[in-house]
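One structure is given below, encoded as structure tokens.
Remember, it's a predicted structure, so these values are computed and weren't measured experimentally. Order of listing sets the numbers, starting from 1, for every ligand and every atom in it.
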Amino acid sequence: MIKEKIEKSLNEQIMKEEYSSRIYMAMASWCEANGYEGAANYLYNHSDEERMHMMKLIHFLNDRGGKVKLMPMDAPAVEYKSLKDIFEQILKHEIYISESINEIYGLCMEEKDYTTGNFMQWYINEQIEEESTMNGVLDKINLAGDQKGGLFHIDKELGGMSAKRPAEELAE
Ligand code: OFO
């Protein structure tokens, strides 16, 4: 049976992953409405990926005999200043998620829950990848500055960036 402290932290993480999915959906929708088709596709896929992160936690908590509690959350923003603004917010958010995951891992070690700690390793690795991808996108946006041509190419590139398929990751 999973310890109450661990169950609570996993439920909070489920909420954070669900919120990540919602904010990326809101950002994707803004991109779609503002002519950034590639970024919109990329972010819609990313939103699906965050939902998969949430589902993976839900299945794990149920498998370990815990109780899943979905929580209320704030509505994401509707307006964004630019593509740069969006990716700056994403990077900041992903850093916050990494810190949250590290805290859960630390708690697992304190509580000697090595099973959950082992499970959280997947999220630790995923965060390294996500922060690095978002940093890369932001570097390119900064290089392009306000040049429409540069942003057009970045948008095209984002459209071509393959998002991982949630079903495949769930099977891991
Ligand atoms: Fe963007 O990350 Fe989930 O965990």
Between ligand 1 and the protein, find all N/O pairs closer than 3.5 Å and give the distance for each.
| from | atom 1 | to | atom 2 | distance (Å) |
| --- | --- | --- | --- | --- |
| ligand 1 | 2 (O) | Glu50 | OE1 | 3.1 |
| ligand 1 | 2 (O) | Glu50 | OE2 | 3.1 |
| ligand 1 | 2 (O) | His53 | ND1 | 3.4 |
| ligand 1 | 2 (O) | Glu94 | OE1 | 3.3 |
| ligand 1 | 2 (O) | Gln127 | OE1 | 2.8 |
| ligand 1 | 2 (O) | Glu130 | OE1 | 3.0 |
| ligand 1 | 4 (O) | Glu17 | OE1 | 3.0 |
| ligand 1 | 4 (O) | Glu17 | OE2 | 2.7 |
| ligand 1 | 4 (O) | His53 | ND1 | 3.1 |
| ligand 1 | 4 (O) | Gln127 | OE1 | 3.1 |

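Classification of Lys56 and Glu17 as a salt-bridged pair fails, no side-chain N sitting under 4.0 Å from a carboxylate O. Note on Lys16 versus Glu12: no salt bridge recorded, every NZ/NE/NH1/NH2 to OD/OE distance being 4.0 Å or above.
Of all heavy-atom pairs spanning Ser9 and Leu107, the tightest one is OG-CD2, 3.8 Å.
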What side-chain donor-acceptor pairs closer than 3.5 Å can you find for residues 64-83, not counting sequence neighbours?
| from | atom 1 | to | atom 2 | distance (Å) |
| --- | --- | --- | --- | --- |
| Tyr80 | OH | Ala77 | O | 3.0 |
| Ser82 | OG | Lys84 | N | 3.4 |
| Ser82 | OG | Asp85 | N | 3.1 |

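Under the 4.5 Å side-chain criterion, counting only non-hydrogen atoms from C-beta, Met161 is in contact with Leu158.
Between Tyr42 and His46, the ring planes are parallel. Angles under 30° get that label, and only those over 60° would be called perpendicular.
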